[in-house]
K.L.:
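After the structure tokens below, expect a handful of questions from me.
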Amino acid sequence: MMTGSEYIESLRNYKPLVYFMGKEIESVADSPIFRPHIHAAAMTYELAHDPRYEDLMTAISHLTGEKINRFTHIHQSVEDLVKKVRMMRLLGQKTGTCFQRCVGFDALNAVYITTYDIDKKYSTDYHERFKKYLRFVQKNDLMCVGAMTDVKGDRSFRPHQQSDPDLYVHIVKEKEDGIIVRGAKAHMTGAVNSHEVLVMPTRAMGAEDKAYAVSFAVPIDAEGLVNIFVRQTNDLRRLDGDIDCGNAKYGIVGGETLMVFKDVFVPWERVFMCGEYEFAEQLVEVFATFHRQNYGGCKVGVADVLIGATANIADYNGVAKASHIVDKITEMIHMAETCWCCSLACSYEGYKTPSGAYMPSPLLANVTKLNVTRFPYEWSRLAQDIAGGLVITTPSEKDYRNSKIGDLIEKYLKGIANIPTEHRIRMFRLIENMSVGAQLPESMHGAGSPQAQKIMIWRRGNIEMKRELAKIIAGIKEDEHFRRIVGKTEKEYFKEVKG
Ligand code: SF4
Ligand code: FE
């Protein structure tokens, strides 16, 4: 297992093609713009060496029997699923932001489960290939980007119907030694500071979308792979002051790229789905379940930091005892712990798949994530409410350090007498960082937008069983009644009506 600094050093062995603000980046490890994201991801390595967290942060590989970082593990039990979310809450608390490595972790588990099922149906050997790849990832303790979301073009068209065929990643050529792929994936969290990219399809596919039903892995510096690092609110603050960043060491959320595959070659041993379109939906659903499970872990760890910052600023402002402040902070805790309950519940309700790997309850994982599309907006609103307007009107660190005006800021931004003004400024900046920027849309759209969760909740909510329960309690003997009046059962009738 790598340590945090070994991980950072390992990034120097890769030469990914990365652009930011019109310039090609020479070295990801040395560019200040990526530094906070790298530090956050490094925490997933560093804590694995801390004896206090060994049980959460490490696991025993079911393939080799060796101790590995949990982020490369295939869940072997319900306990593993629970440890996963406990680990995520811990990392959220330690970084106050997204530590990025979970997407690849979830992709490894989803591809593991799905390749097993594809092989069962078609006698292919994807699962064995994938196990070989997984050994390589585990042995070298690599960070993978889970690359699912295609850019998708016109959302009303299926992949093969798009006016530009490249709007979903697809196979453009099959060769003796591998495949050539083209297309683009959006919102690739942690991409530039990952070692590997594990690609999956983004939606259910039909027979005509066969070329789009593709899963494979390439190194982040594969030839033809272009990463365009995206902008974030206040991103350039990283380049100057430390206080102005709010969370200078670990930064803002995620760190995403638009990832373009310009005819990238993938050798067969790294191809895990090649045209088995009827398994695209399963792969998406399994991945989404794993990733939605996380959000009551990582986001709640982050919320722990925000709640703490809010309680501190209330102290510094001299309002901590006001009953409405106590009430609002209690609301924040209630919402965060509700999301935590959801993550725990979907993990405890997990089950064994035919591959032997465990996955969480899809229904409850989707409920978890749907709550996280809402509650972080509310707890951020309360944090801003309690903190006051200085969250967005605090002068810069450069002015604070200026010999001519710094003392004015020191004097006039003072809260209660015994707390240094600098502490108050730091707390405002942290709350700004955590409640104003990219964190909120990330809670909304990361791991899929709310409607995607609603579709899954509707499908998995077993509405038929609930209808039956109501009829039994209400004393309705449906078949008898309907056959007499309508000539068919109620179920048949509504099936026709709803089409
Ligand atoms: Fe992990 Fe959470 Fe970041 Fe997703 S949003 S990569 S689950 S820390
Ligand atoms: Fe995310």
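Values in this document were obtained by computation on a predicted structure and should not be read as measured data. All ligand and atom numbering here is 1-based and tracks the order in the structure. Sequential numbering from 1 along the given sequence is applied to the chain's residues.
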K.L.:
In ligand 1, which numbered atoms sit nearer than 4.0 Å to a non-hydrogen atom of Val103?
P.N.:
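Those atoms are 6 (S).
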
K.L.:
Heavy atoms only, cut-off 4.0 Å: how does His291 contact ligand 1, side chain, backbone, both, or neither?
P.N.:
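Looking at His291 and ligand 1, just side chain atoms fall under 4.0 Å.
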
K.L.:
Inspect the surroundings of CD in Glu26 and state if more than 12 heavy atoms from other residues, nucleotides or ligands are less than 6.0 Å away.
P.N.:
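Check fails, neighbour count at 12 or below.
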
K.L.:
One thing to verify: whether Glu337 and Arg89 come together as a salt bridge, which I'm taking to mean a side-chain N less than 4.0 angstrom from a carboxylate O.
P.N.:
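Yes.
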
K.L.:
In terms of relative ring orientation, are Phe272 and Tyr133 parallel, tilted or perpendicular, with 30° and 60° separating the classes?
P.N.:
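Rings of Phe272 and Tyr133: tilted, as their planes differ by 30° to 60°.
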
K.L.:
Using 4.0 Å as the upper bound for N to carboxylate O, is an ion pair formed by Asp141 and Arg101?
P.N.:
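Salt bridge present between Arg101 and Asp141.
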
K.L.:
Can you find a side-chain donor-acceptor pair between Ser355 and Thr353 that sits under 3.5 Å?
P.N.:
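Short answer, yes.
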
K.L.:
Would one find an N, O or S atom of Cys298, in either backbone or side chain, under 2.8 Å from atom 3 (Fe) of ligand 1?
P.N.:
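No, since none of the N, O or S atoms of Cys298 sits under 2.8 Å from atom 3 (Fe) of ligand 1.
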
K.L.:
Report, in ascending order of atom number, the atoms of ligand 1 lying under 4.0 Å from any heavy atom of Lys299.
P.N.:
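In order of numbering, the contacting atoms are 5 (S).
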
K.L.:
Counting heavy atoms only, which part of Met88 comes closer than 4.0 Å to ligand 1: side chain, backbone, both or neither?
P.N.:
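It is neither; nothing of Met88 touches ligand 1.
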
K.L.:
Which ligand 1 atoms, with their elements, are less than 4.0 angstrom from a heavy-atom of Glu442?
P.N.:
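Checking each atom against Glu442, I get 5 (S).
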
K.L.:
Which atoms from ligand 1 have a heavy atom of Cys102 less than 4.0 Å away?
P.N.:
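Matching atoms, with element in brackets: 1 (Fe), 6 (S), 7 (S), 8 (S).
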
K.L.:
Would you check if the distance from the ring center of His291 to the ring center of Tyr295 is below 6.0 Å?
P.N.:
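Judged by ring-centre distance (under 6.0 Å), His291 and Tyr295 do meet the cut-off.
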
